[in-house]
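So the structure is just underneath, and the comments pick up after that.
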Amino acid sequence: MKKTILLFICVLVATIAVAFSITIWQDRATTIKQLEKIQKDDRDKQRTIELYRKQTTAGTVISPKETGEDEQFTDILANNKQLMQALYTYTNIQDRLENAKAFLTKDQYQKMKDTMSDEPQEKMESQIQDLKVYLLHNDDPNQQTIINEVSSQTIINNTATPQRVYVKTTFKKQDGEWKANQFLFTAIPSQDAKQGES
């Protein structure tokens, strides 16, 4: 009788161990497939970014069909670049929002307009110096998030100040076009500020 109970316990433990191993293996296989899909999507997006950079630096337009790249990402990146140019290259702060309007959703335009001051502004100009773009992974086909690293020079009352900022921009499809519907601005401390802190 003791041998039968011991044998039953051993079989039960072995069955549980096998079931547990199979579950872990299935979870691992699912996780590996998801990771491979994310890596493939990231590689595709990175190729799209590189294609866009080549187009803008070489001044030539390469057809997405010729390269197999997704036209959607090229449209988003082109709108993003024009939006950043409008937000960080201007000679008059009042014209800044109007120049960016074509690349903003109606709600985002209204939010930005509502936050503008009605008071007369000091003479302010800005010039974009450098733009680095990072496309984030997103499963929603009607929304895309981009991180922009913007270096610009702002001139207020003839005093130039370099600035660097991260601009997290979420694009949403509105009326068939990709438009920015949300921003998050994060200042990047300058090297001078970092040295002053130490």
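It should be emphasised that the depicted structure is a prediction, and the values quoted were computed from it without experimental measurement. Quick note: numbers below take in every heavy atom, side chains included, and nothing from hydrogens, waters or symmetry partners.
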Fill in the blank from the handout: Shortest non-hydrogen pair, Asp140 vs Asn142, comes out as OD1-N, 2.9 Å
Handout entry: Test item: Leu104 and Leu83 side chains (from C-beta on) under 4.5 Å apart, heavy atoms
Key = yes
Practice task
Given side-chain contact (heavy atoms from CB on, under 4.5 Å), test Met124 with Ile155 step by step and report yes or no.
Solution key: CA-CA 6 Å; Met124 184 185 295; Ile155 303 168; over 6 Å; no
Completion exercise
dist Phe171:CZ -> Thr169:OG1 (nearest 0.5 Å) comes out at 5.5 Å
Problem - Heavy-atom closest contact (Asn181 atom, Lys111 atom, distance) - result: O-NZ, 4.4 Å
Exercise for the section: Give the cluster check for Met84 versus Leu184: same hydrophobic cluster or not, with ILVMFWY residues linked at side-chain heavy-atom distances below 4.5 Å. Expected result: no
Problem - Any Thr145 side-chain heavy atom under 4.5 Å of Lys168 side chain - result: yes
Problem - Donor-acceptor contact present, side-chain Asn80 to main-chain Ile76, <3.5 Å - result: no
Exercise for the section: Would you confirm whether Arg164, through its side chain, and Ser151, through its main-chain N or O, come within 3.5 Å as a donor-acceptor pair? Expected result: no
Practice task
Please name the pair of heavy atoms, one in Tyr90 and one in Leu87, separated by the smallest distance, quoted to 0.1 Å.
Solution key: CE2-O, 3.3 Å
Problem - Main-chain N/O of Met112 paired with Thr115 side-chain donor or acceptor, under 3.5 Å - result: yes
Handout entry: Within 45° cone and under 6.0 Å: Lys179 NZ/CZ vs Phe103 ring
Key = no
Problem - side-chain contact (heavy atoms from CB on, under 4.5 Å) evaluation trace for Thr161 with Gln153 - result: CA-CA 6 Å; Thr161 306; Gln153 183 173 17; over 6 Å; no
Exercise for the section: Check the hydrophobic clustering (I, L, V, M, F, W, Y; side-chain heavy atoms under 4.5 Å; chains of links allowed) and say if Phe185 and Tyr109 are grouped together. Expected result: yes
Problem - Point-to-point distance, once rounded to the nearest 0.5 Å, from CD of Gln108 to NZ of Lys172 - result: 11.0 Å
Problem - Separation between OG1 of Thr89 and CD of Gln82, rounded to the nearest 0.5 Å - result: 12.5 Å
Problem - Residues, nucleotides or ligands: over 12 heavy atoms within 6.0 Å of Lys173 NZ - result: yes
Practice task
For Leu135 and Gln144, run side-chain contact (heavy atoms from CB on, under 4.5 Å): C-alpha distance rounded to whole Å, both residues' side-chain angles, the deciding distance at 0.1 Å, then the answer.
Solution key: CA-CA 8 Å; Leu135 199 59; Gln144 185 61 54; 3.6 Å; yes
Problem - 4.5 Å side-chain heavy-atom contact, Val165 and Tyr88 - result: yes
Practice task
Would you check if the side chain of Thr91 reaches a backbone N or O of Glu125 as a donor-acceptor pair within less than 3.5 Å?
Solution key: no
Handout entry: Candidate pair Gln129 and Ser152, rule side chain to side chain donor-acceptor pair (under 3.5 Å), full reasoning
Key = CA-CA 5 Å; Gln129 305 290 317; Ser152 65; over 6 Å; no
Handout entry: Rounded distance [0.5 Å steps], CD1 in Ile188 versus CD in Glu149
Key = 4.5 Å
Practice task
Enter the distance from Ile146:CD1 to Leu77:CG here, rounded to the nearest 0.5 Å.
Solution key: 5.0 Å
Practice task
Could you grab the distance from atom CD of Glu177 to atom OG1 of Thr105, nearest 0.5 Å is fine?
Solution key: 12.0 Å
Exercise for the section: Report whether Ile16 and Ile24 are members of the same hydrophobic cluster (ILVMFWY, side-chain heavy atoms less than 4.5 Å apart, transitive linking). Expected result: no
Exercise for the section: Might you point out which heavy atoms bring Ala86 and Arg96 nearest each other, and give the distance in Å? Expected result: O-CG, 3.7 Å
Handout entry: Asn148 (side chain) donor-acceptor with Val167 (main chain) under 3.5 angstrom
Key = yes
Problem - Validation row: Asp175, Lys106 side chains within 4.5 angstrom (heavy atoms) - result: yes
Exercise for the section: Might you confirm whether atom CG of Asp114 has over 12 heavy atoms from other residues, nucleotides or ligands at distances under 6.0 Å? Expected result: yes
